[in-house]
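So the structure is just underneath, and the comments pick up after that.
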There are 2 protein chains.
Amino acid sequence: MGRQPSAKPTSFDIAYLAGVSQPTVSRALRGSKSVSAATRANIERIARELNYTVDKNASSLRSQRTHTLALLFFEDPTPDESMINPFFLSMLGSITRQCALKGYDLLISFQQMHNDWHVAYQDSHRSDGIILLGYGDYQLYRTKLEHLVEMDTKFVRWGSVSDDSIGLTVGSDNVGAGELAGAHLVEIGRRHIAFLGDASDHAPEFQDRYTGLCRAMRAAGIAPDPGLQQGAVSSEASGYAAARSLLASGQPFDAIFAASDLIAIGAMRALAEAKLRCPPDVALIGFDDIPAASQTSPTLTTVMQDMKGAGELLVDALLRRIGGADAERTMLPAKLIKRQSTAV
Amino acid sequence: MGRQPSAKPTSFDIAYLAGVSQPTVSRALRGSKSVSAATRANIERIARELNYTVDKNASSLRSQRTHTLALLFFEDPTPDESMINPFFLSMLGSITRQCALKGYDLLISFQQMHNDWHVAYQDSHRSDGIILLGYGDYQLYRTKLEHLVEMDTKFVRWGSVSDDSIGLTVGSDNVGAGELAGAHLVEIGRRHIAFLGDASDHAPEFQDRYTGLCRAMRAAGIAPDPGLQQGAVSSEASGYAAARSLLASGQPFDAIFAASDLIAIGAMRALAEAKLRCPPDVALIGFDDIPAASQTSPTLTTVMQDMKGAGELLVDALLRRIGGADAERTMLPAKLIKRQSTAV
DNA sequence: CGCCATAGGGTATACGTATACGCATAATAT
DNA sequence: ATATTATGCGTATACGTATACCCTATGGCG
């Protein structure tokens, strides 16, 4: 009978039982070396017996460090509220795991582009740093990123790793990945290669992939045809529309490099409707290797980004940044996954 | 040039500027009615000008409420560390959104079944309540759930909504969903319907779906054949294996109801390898309507759970529970999505 | 005209931890 | 032997907010 089991023990309780002062308990549990091994062992034993856990709020308040990272997803305002880009979802796993490994909690938030997220997290002391994830109009949030830098908020961004990008950026080697895809298409004998994806500076990653494609083509002595490039955002519908307008343009092509798998899947549908067989008539490569890519018919050749590595790198880079170090921009290599859509 | 822009303003700063005391600021911003409209307006204006945000840590420490929910994903230990069940991922979006709507933050954590998660979150004051998500062995964490109840930890669980389930549970009407699927198969003339999925009480949801299938069959005057039931966990590989052993058993069947889409996709592969055409020879129904379901060939008929509603319901139920109310178990209706795999 | 309720807001303090200091004792150096 | 430094720990206090309690003016009432 007696005490409620839910009366949470504090460091004072431990201190009393151990016959020391509260600060000593704090020091012992945090691994300060100015407490003797015997005392520490005793304190740790008592803490375990009482099921004691440090109160995060009090700890964060005093130390001004939350041991929490915030993950902000960006989405373009989309009619379908529940859809999330599958690519980012798969990165979530590795980010979470890496956070856990480093002893950090992860706070998640989805944001519409237009929101004032740049204010929301910077001062509320809820996280030590921010991970920014999201496709979408890069120019649109450029100024917000500048604001973050100005406020000395610690953050990492996933995206195109170019010299003029703002803040600390981690991303795939999109140019290299584009080259991989282009080289493969050239290798299987394609010369009229179309690109589906916005290649403006509103979408630096897509632009980089296009740049890589062009580089591979030129290396093979082929001049890229600007007329074979069609704008598209990362969705099945947009890919479908882009492929339709490519077909409607009447220009001959024997391969498509789509800037994302969703675009590729939309294009695949348009090709099927146009009675074009995909490999023989048109070879198709996507980007991301989302789960659906191996379920389409034909299965989709695509570029796989190292998402496990990406999550770890993002977290590590952010933690270094928080620690005051000058973390550098980093690029991750990508890998070509060959499937039926380029099997000639 | 004076103050650092990153010197975060406190309620004292606001109080000074407004010519009131700090508690008045706190009261004004929290909507206490014992502060005059004029004073409140003034305080709010100043707060906005200073970009003031309440320090969550201090606030939580004092009030003992975090305004944060924790989302715990469970996974069976799996070799592929980065895979997450797509079904739960799609629920993540609606949970996040509903949390934001209610002014709560969301803390995310992935857990292996064997971890001591039941201790980790209960006392560290990091969240006001917990949302538990995960397939997996139900019996395995039954005792942990009991522990949570005992400690009076507030939590909601997604899963089978049966009378003997522990704690507050929200889930789809799995029996009803099974009936839907069964009725559809019967309607298109199938009589030898196999079920792929663990139907033991280690997986109550799968069990419920099987129960629903049997009910629909009996309603049509068909006796379910226990020999046509094959155990499987929710993965493509497991579905493939189950279908193979079903085929190997030599028993005739003209339809398969798979307990999840992943299982169905695995079964589809096994059927294709066995040169069985899927619709004519075997009709196939999955469960979850994951994105890949519309990309398979044939496209997969499946049962769609109301995930948007699920997320909202989970959050709302948990908040009611936190508020001290007696939230009830709730079931959500499911919907049949008819595609090619049952198009006769 | 005295009395009490009420609005509006101030005073004091608690939440649980981490850290700057200070102070012994013990271990070394001189 | 004294001066010096390191070890191990206690004392005091700060972190920023929320709340219990108290106080002062008003206004309504008899």
Side-chain angles (χ1 to χ4, degrees), chain A residues 4 6-44 46-47 50-68 103 105 122-128, chain B residues 4 6-44 46-47 50-68 103 105 122-128:
Chain A
Q4 320 240 9
S6 55
K8 318 287 163 73
T10 73
S11 51
F12 281 98
D13 299 331
I14 314 250
Y16 176 75
L17 291 175
V20 298
S21 70
Q22 176 268 329
T24 299
V25 173
S26 173
R27 281 189 281 250
L29 296 178
R30 309 207 63 242
S32 159
K33 54 162 294 191
S34 76
V35 51
S36 75
T39 308
R40 178 198 317 286
N42 190 33
I43 288 175
E44 282 172 346
I46 297 177
L50 293 194
N51 254 333
Y52 169 79
T53 58
V54 174
D55 185 308
K56 273 273 182 182
N57 296 123
S59 171
S60 300
L61 175 60
R62 176 61 234 239
S63 65
Q64 300 293 62
R65 317 185 61 256
T66 64
H67 268 252
T68 298
D105 283 332
Q122 81 196 4
D123 285 332
S124 56
H125 289 247
R126 279 185 288 211
S127 70
D128 295 339
Chain B
Q4 318 239 10
S6 54
K8 318 289 162 71
T10 73
S11 51
F12 280 99
D13 299 331
I14 314 253
Y16 175 75
L17 290 175
V20 298
S21 70
Q22 176 269 328
T24 299
V25 172
S26 174
R27 282 189 281 251
L29 296 178
R30 310 208 65 241
S32 159
K33 52 162 295 190
S34 76
V35 51
S36 76
T39 307
R40 178 197 317 284
N42 190 33
I43 288 175
E44 283 173 345
I46 296 176
L50 291 196
N51 255 333
Y52 169 79
T53 58
V54 174
D55 185 309
K56 273 273 181 179
N57 296 123
S59 171
S60 300
L61 174 59
R62 176 61 233 243
S63 64
Q64 301 293 56
R65 319 184 59 253
T66 65
H67 267 252
T68 298
D105 283 332
Q122 81 196 4
D123 284 333
S124 57
H125 289 247
R126 280 186 288 210
S127 70
D128 296 338

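Residue numbers start from 1 in every chain, and the chains themselves are labelled A, B, ... in the order their sequence lines are given, proteins ahead of strands.
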Could you pull out the closest heavy-atom pair between [X] and [Y], with the gap in Å?
| X | Y | value |
| --- | --- | --- |
| B:Ser59 | B:Val54 | CB-CG1, 3.9 Å |
| B:Val35 | B:Ala28 | CG1-CA, 3.9 Å |
| A:Pro9 | A:Leu50 | CG-O, 3.6 Å |
| B:Ile43 | B:Ala18 | CG1-CB, 4.1 Å |

In whole angstroms, how far is the [atom2] atom of [N] from the [atom1] atom of [X]?
| X | N | atom1 | atom2 | answer |
| --- | --- | --- | --- | --- |
| B:Arg65 | C:dC15 | CZ | C1' | 15 Å |
| A:Leu50 | C:dG16 | CG | C1' | 15 Å |
| B:His67 | D:dG16 | NE2 | P | 21 Å |
| A:Phe12 | D:dA12 | CZ | P | 12 Å |

From [options], pick the nucleotide closest to the side chain of [X]?
| X | options | result |
| --- | --- | --- |
| B:Asp55 | D:dG16, D:dG8, D:dT11 | D:dG16 |
| B:Val20 | C:dT17, C:dG10, C:dG9 | C:dG10 |
| A:Ser36 | C:dG8, D:dC9, C:dG16 | D:dC9 |
| A:Tyr52 | C:dT17, D:dG16, D:dA18 | C:dT17 |

Donor-acceptor pair, A:Arg27 side chain versus A:Arg40 backbone, under 3.5 Å? no
Heavy-atom donor-acceptor pair, A:Asn42 side chain to A:Thr39 backbone, under 3.5 Å: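 Side chain of A:Asn42 to backbone of A:Thr39, a donor-acceptor pair under 3.5 Å: no, none is there.
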How about B:His67 and B:Asp105: do any of their side-chain heavy atoms sit closer than 4.5 Å? no
Could you tell me whether the side chain of B:Tyr52 reaches within less than 4.5 Å of the side chain of B:Leu29, counting heavy atoms only? yes
Answer with base, sugar-phosphate or nothing: what part of the nucleic acid does A:Thr10 contact at a heavy-atom distance below 4.0 Å?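 The residue A:Thr10 makes sugar-phosphate contact but no base contact.
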Looking for any heavy atom pair under 4.0 Å, which part of the strands does A:Val25 touch: base, sugar-phosphate only, or nothing?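 Since no nucleic acid heavy atom lies under 4.0 Å of A:Val25, the category is nothing.
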Name the residue closer to the 5' end of DNA chain C, choosing between B:Ala58 and B:Gly19 according to the nucleotide with the nearest heavy atom.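 Its nearest nucleotide being more 5', the pick is B:Gly19.
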At less than 4.0 Å, is any side-chain N or O atom of [X] found next to OP1 or OP2 of [N]? Yes or no.
| X | N | result |
| --- | --- | --- |
| A:Ser11 | C:dT17 | yes |
| B:Gln64 | C:dG16 | yes |
| B:Ser59 | D:dT17 | no |
| B:Thr39 | C:dG8 | no |

Between the protein and nucleotides 19-21 of chain D, which nitrogen or oxygen pairs come in under 3.5 angstrom?
unit_1, atom_1, unit_2, atom_2, d
D:dT19, OP2, B:Arg30, NH1, 3.3
D:dT19, O4', B:Arg62, NH2, 3.3

Bend angle of the helix from C:dC1-D:dG30 to C:dT30-D:dA1, end axes from five pairs each (to 10°): 40°
Contacts of A:Ser63 meeting side chain to side chain donor-acceptor pair (under 3.5 Å) (sequence neighbours excluded), chain-then-number -> none
